[in-house]
Chemist: 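Okay, here's the structure, questions in a sec.
Reckoned from all heavy atoms, side chains included, excluding hydrogens, waters and symmetry mates.
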Amino acid sequence: MIPEPQRTYVLELLAALGPAAKDFVIAGAQAIKFAVKNARGTKDVDFILNVIALRAEPLQLEPMLKRLGYTAIAGARNFQFEKTIPNSKETMRIEFMAPEEFKRVADFRVDVQKGIHARACTGGTIALAESDEYPLEGRLPDGEPYAARVLVTRPHALVMLKLLALFDRYHNIRGPEEARHDREEAQTHAADIVAIVKARPDWAEFRRQFEAQFAADAELGKRVSQILNDFFREPIAPGYLLYEEYLAATLPAGATTQVEIRHESALAHRTLQKILPERRLQEK
């Protein structure tokens, strides 16, 4: 679940949103915490927004965020906001995403409300629909207990989003100046995919859910399935190389590190085979 102190400020945001909170779905690394025990640490909170509903929502997000102390992050074009957490060296950072079909022409942004944008997200419509509600309890910044319900993207939709992000980062579509950062991000995405799938109690059901989410978007389903196949079919596929790089950067150094890495990579390969489409279907 979302750790402190970020949990306090997620609850503060949900309380300020009121009924509009149902149009915010947690995705990204914070969503993984709801699907994977002992998931990697993260402090940022990513939301996929129901743009149509929020455009008709009487609550205006820009003044609400200002009232809570958020400011737009320089260069983020009003889709990333942050504020300093009092009595702490930490910050609360949020990012808004939205289905890419609503994006501007020749731009990656989606207009949500006046002064509020979102980053266009391929598969965002699926991620909104494929979500579950979870209880979230804690305290507000003033110390008052508060309980809310929060929508979180389901594991199979998270894997879809992670595969799309993995493809983009691996191919360094942002250019040479971002090559190192993109490689590190690709490593993290590969590790997240492995972690999510390993944590599933029923791989056959997970594969069914993963494939079923594309019922209304067969083209996206083909694209995502191809990425899954290209990155995770063979033991020497790029997804496992990235996973090994991630492990090498995060495991404690020692004589057994390389042995552990090879063991974990082999385990990841055996696990991912459980959700890959059968080869004869992939080749159709």
Side-chain angles (χ1 to χ4, degrees), residues 1-35 39 41-74 76-99 102 109-121 124 127-154 157-158 161:
M1 293 296 182
I2 300 171
E4 292 291 4
Q6 282 74 26
R7 180 187 296 206
T8 289
Y9 294 93
V10 171
L11 289 170
E12 178 192 48
L13 177 62
L14 295 173
L17 286 169
K22 68 182 183 302
D23 300 315
F24 284 62
V25 176
I26 293 179
Q30 291 291 0
I32 297 174
K33 292 181 180 296
F34 291 82
T42 185
K43 297 177 181 179
D44 298 349
V45 184
D46 299 333
F47 292 98
I48 299 179
L49 306 185
N50 183 341
V51 175
I52 296 299
L54 288 171
R55 286 175 178 172
E57 172 62 47
L59 174 70
Q60 292 300 294
L61 299 176
E62 183 183 34
M64 183 270 290
L65 290 174
K66 287 182 177 178
R67 177 171 58 81
L68 295 180
Y70 287 93
T71 57
I73 295 174
R77 304 188 188 184
N78 291 359
F79 66 86
Q80 291 178 336
F81 298 84
E82 68 179 1
K83 71 172 181 176
T84 300
I85 295 177
N87 304 313
S88 170
K89 295 181 180 180
E90 297 195 50
T91 59
M92 177 65 183
R93 179 169 173 158
I94 57 178
E95 177 171 336
F96 298 148
M97 299 180 288
F102 298 112
R109 287 177 294 170
V110 174
D111 295 312
V112 181
Q113 290 182 356
K114 181 180 178 181
I116 300 293
H117 302 148
R119 179 167 57 85
C121 173
L128 284 172
E130 296 290 324
S131 60
D132 289 314
E133 194 176 65
Y134 289 85
L136 190 65
E137 299 180 356
R139 293 185 181 274
L140 296 174
D142 63 5
E144 284 295 311
Y146 188 75
R149 308 288 294 184
V150 62
L151 285 168
V152 180
T153 305
R154 292 170 181 158
L158 277 175
L161 295 176

Chemist: Name all residues meeting the salt bridge (charged side-chain N to carboxylate O under 4.0 Å, His left out) criterion together with R7; count only those two or more places apart in sequence or in a different chain, and write none if there are none.
Modeler: none

Chemist: Going by salt bridge (charged side-chain N to carboxylate O under 4.0 Å, His left out), name the residues that satisfy it together with E82, two or more places apart in sequence or in a different chain.
Modeler: none

Chemist: Decide yes or no for F96 and I116: does some side-chain heavy atom of the first lie under 4.5 Å from some side-chain heavy atom of the second?
Modeler: yes

Chemist: Hey, are the side chains of I2 and F34 touching, using non-hydrogen atoms and a 4.5 Å cut-off?
Modeler: yes

Chemist: Indicate every side-chain donor-acceptor pair of residues 11-25 with a distance under 3.5 Å to a residue at least two apart or in another chain.
Modeler:
from, atom 1, to, atom 2, distance (Å)
E12, OE1, K83, NZ, 2.7
K22, NZ, P19, O, 3.2

Chemist: Return the set of residues passing salt bridge (charged side-chain N to carboxylate O under 4.0 Å, His left out) with E90 (not counting sequence neighbours), or none when no residue passes.
Modeler: K43

Chemist: Are the side chain of T153 and the backbone of I26 linked by a donor-acceptor contact shorter than 3.5 Å?
Modeler: yes

Chemist: Under the ring pair (Phe, Tyr, Trp, His ring centres under 6.0 Å) definition, can you give me all pairs with a residue in residues 50-74, not counting sequence neighbours?
Modeler: none

Chemist: For residues A127 and A157, report the shortest heavy-atom separation together with the two atoms involved.
Modeler: CA-CB, 4.3 Å

Chemist: Donor-acceptor pairs are to be reported for all side-chain atoms of residues 45-63 against protein atoms at under 3.5 Å, with residues two or more places apart or in another chain.
Modeler:
from, atom 1, to, atom 2, distance (Å)
N50, OD1, A53, N, 3.3
R55, NE, D111, O, 3.0
R55, NH2, D111, O, 2.7
E57, OE2, L59, N, 3.2

Chemist: Could you give me the CA-CA distance, side-chain angles and deciding distance for L158 and I32, then say whether side-chain contact (heavy atoms from CB on, under 4.5 Å) is met?
Modeler: CA-CA 8 Å; L158 277 175; I32 297 174; 4.2 Å; yes

Chemist: Looking only at non-hydrogen atoms, find the nearest pair between M92 and I94 and report the distance.
Modeler: CE-CG2, 3.9 Å

Chemist: Scan the side chains in residues 144-151 for donor-acceptor partners under 3.5 Å anywhere in the protein, sequence neighbours excluded, and list what turns up.
Modeler:
from, atom 1, to, atom 2, distance (Å)
R149, NE, E133, OE1, 3.2

Chemist: Partners of S131 by side chain to side chain donor-acceptor pair (under 3.5 Å), sequence neighbours excluded?
Modeler: none

Chemist: Crowded around N87 CG? As in, over 12 foreign heavy atoms under 6.0 Å?
Modeler: no

Chemist: Please name the pair of heavy atoms, one in F81 and one in G115, separated by the smallest distance, quoted to 0.1 Å.
Modeler: CZ-O, 4.3 Å

Chemist: Between R93 and I73, is the side-chain contact (heavy atoms from CB on, under 4.5 Å) condition met? List the steps.
Modeler: CA-CA 9 Å; R93 179 169 173 158; I73 295 174; 3.3 Å; yes

Chemist: With sequence neighbours left out, write down each residue that passes side chain to side chain donor-acceptor pair (under 3.5 Å) with D132, or none if nothing qualifies.
Modeler: R154

Chemist: Ignoring hydrogens, what is the shortest heavy-atom contact between P99 and G124? Give both atom names and the distance.
Modeler: CG-C, 3.8 Å

Chemist: Using the ring pair (Phe, Tyr, Trp, His ring centres under 6.0 Å) criterion, which residues pair with F102? Sequence neighbours excluded.
Modeler: none

